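Every number for a ligand or one of its atoms is a count from 1 in the order of the listing. This one's a predicted model, so the numbers in the text were calculated from it and none came from an experiment. The figures that follow rest on heavy atoms only: side chains count, while hydrogens, waters and symmetry mates do not. Numbering starts at 1 and runs along the sequence shown.
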Amino acid sequence: MWEIIEKLDKLRAQARLGGGQERIDAQHRRGKLTARERLEALMDPDSFEELDMFVEHQCTDFGMDQAHVAGDGVVTGYGSVHGRRVFAFSQDFTVFGGSLSETNARKICKIMDMAVNVGAPVIGLNDSGGARIQEGVASLAGYAEVFQRNVLASGVIPQISAIMGPCAGGAVYSPALTDFILMVKDTSYMFLTGPDVVKTVTHEEVSAEQLGGAITHTTRSGVADFAFDNDLVLLKQLRRLLSFLPSSNRVPPPRIATGDDPRRQDFSFDTLIPNDPQRPYDMKELVEKVVDNGDFLEVQAEYAKNIIVGFARLDGHTVGLVANQPLVLAGCLDIASSVKAARFVRFCDCFQIPLVTFVDVPGFLPGTQQELGGIIKQGAKLLFAFAEATVPKVTVITRKAYGGAYDVMSSKHLRGDLNYAWPHAEIAVMGPKGAAEIIFRNEIRAAQDPKAKLQEVTAAYAANFANPFIAARKGFIDDVIMPHDTRWRVIRGLQTMTDKQRAMPWKKHDNMPL
Ligand code: HXC
């Protein structure tokens, strides 16, 4: 009996060495953790249970029958994060470059199926040379099996991808199908075709970092949501992200006692809005001061910065925050910000996360670049996302809510549950100057001093129409609230809407403007 136990210990120790000490050292020299070290850092202490440790590939071509490593380049299993069950796979770059084989894919699919069956998140730690070249189409089939499961699991369990090394070719599509992508700066990249192929086909010279590094994808392409300095920081923040999320679409997100008084007033809000309506202010200040203990996890913080999205807690409950940022492009909606926010709103709606929206939007960004880029369809994505969302929706208009953007930003008309405005709010079809120029065109032209006339009629228009009371009289705004009471009014609204139920008409699925 002891012999068998000793043998098991030996086999386990061998499997844990993956591709061997030399390759582990090489991984460390690059500033990267190994697959198992990453899982240790991700999970609660001693909670990770590995599955399929002894699985080996079945390839016999190219001398592969002589090259077997237990586990075959991916570590899979389950454990807990903040006491809640999660499933994870971690590609082991020390074994055939973490490349995906048929059996390796089967291991990943096994834990994905288990995660869906029990309703727990799946986390993928990616560090791989892509398809196992020796296996050819069997590897491609393995990828497709994973893709199919990503799609079926979408909206059922949270799926999170960490890119912690190479991720190229079609391999990028599994992360792309998941809910969030986190990348490590300098050591990870994602692209469909690498710099060499780019050079051959388009004659462009570009580095891997420029083409698909963490900065590129979090500032320019919008493919990734977060960039972190190293593996450990990423894994810590991944745990933080999970703390906001429910385990599946069958259960609400966890409530965490934050100790922050829900009735806390903040009198700095009363002077947050500058007297000059053209002057910007930092919407993030409002977001951070409203939420529990200022704990706001911003998603895509460096991309499309004219809109802010992210998770926080209000009275301990997770909320998804969407807010225009007047500091960037005056808070206008454009293609990038519409798509960014639409995806976030849809995630929240999938997973029972209420939406809190702060509005200060002068409209959609004008220009040929936007029109030719398809702002009509791209902007419609955000409209669609807010309109279809059935989670509790509380909206606060802090200043401008003009034109179509007023409608889009979780307005009453898109089934907003509680829509508030600050006394400074300007809810109108457009800004006073633009409106006055159109309505009083003839009077302005006929005036002796057209400039002075424009000023006069603009001021008159602003006095009469640039306020929240016309919308409030029509019931489009449920109340005009004191800025310093914003936190409590939003929390009360969410408490009131807690058991909200809204049915959707039967359909196979919608046809959102993609
Ligand atoms: C098998 C692979 C491999 C792969 C790397 N290795 N990629 N083995 N299949 N795809 C092995 C190497 O042979 C090497 O083995 C070890 O992993 C480490 O690789 P190195 O090249 O030494 O490491 P590095 O210099 O860091 O370069 C990493 C790399 C490079 C950039 C990822 O290995 C690379 O370019 N690999 C090929 C990438 C590729 O073309 N993949 C297929 C893409 S097509 P030893 O034994 O020496 O340690 C694809 C389609 C997917 O993925 C489609 C899905 C729909």
- Task: Show the protein residues that qualify under the rule heavy atom under 4.0 Å from an atom of ligand 1, listing them in chain and number order.
- Result: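 Residues near ligand 1: Arg23, Arg30, Phe93, Phe96, Gly97, Ser99, Gly129, Gly130, Ala131, Arg132, Ile133, Gln134, Leu140, Tyr143, Phe147, Pro166, Ala168, Gly170, Ala171, Tyr189.
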
- Task: Nearest 0.5 Å please: distance from the OG atom of Ser161 over to the CZ atom of Phe180.
- Result: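 Interatomic distance, Ser161 OG to Phe180 CZ, rounded to 0.5 Å: 11.0 Å.
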
- Item | Those residues that, when tested against Ala224, pass side chain to side chain contact (heavy atoms under 4.5 Å, CB included) (two or more places apart) | Ile181, Met183, His217, Thr218

Side-chain donor-acceptor pairs under 3.5 Å in residues 326-338, sequence neighbours left out?
residue	atom	partner	partner atom	Å
Asp334	OD1	Asn306	ND2	3.1
Asp334	OD1	Ser337	N	3.0
Asp334	OD1	Ser337	OG	2.6
Ser337	OG	Asn306	ND2	3.4
Ser337	OG	Asp334	N	2.9
Ser337	OG	Asp334	O	3.2
Ser338	OG	Asp334	O	2.7

- Do the numbers put Lys32 on top of the ring of Phe93, so that NZ or CZ is under 6.0 Å from the six-membered ring centre and no more than 45° off the axis?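 Yes - Lys32 lies over the ring of Phe93, closer than 6.0 Å to its centre and within 45° of its axis.
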
Anything under 3.5 Å between a donor and an acceptor, one on a side chain of residues 382-390, the other on a protein residue two or more places apart or in another chain? List them.
residue	atom	partner	partner atom	Å
Glu388	OE2	Arg346	NH1	2.3

- Query: Is the distance between the ring centroids of Phe89 and Tyr78 under 6.0 Å?
  - Reply: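 Between Tyr78 and Phe89, which both carry aromatic rings, the centre distance is not below 6.0 Å.
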
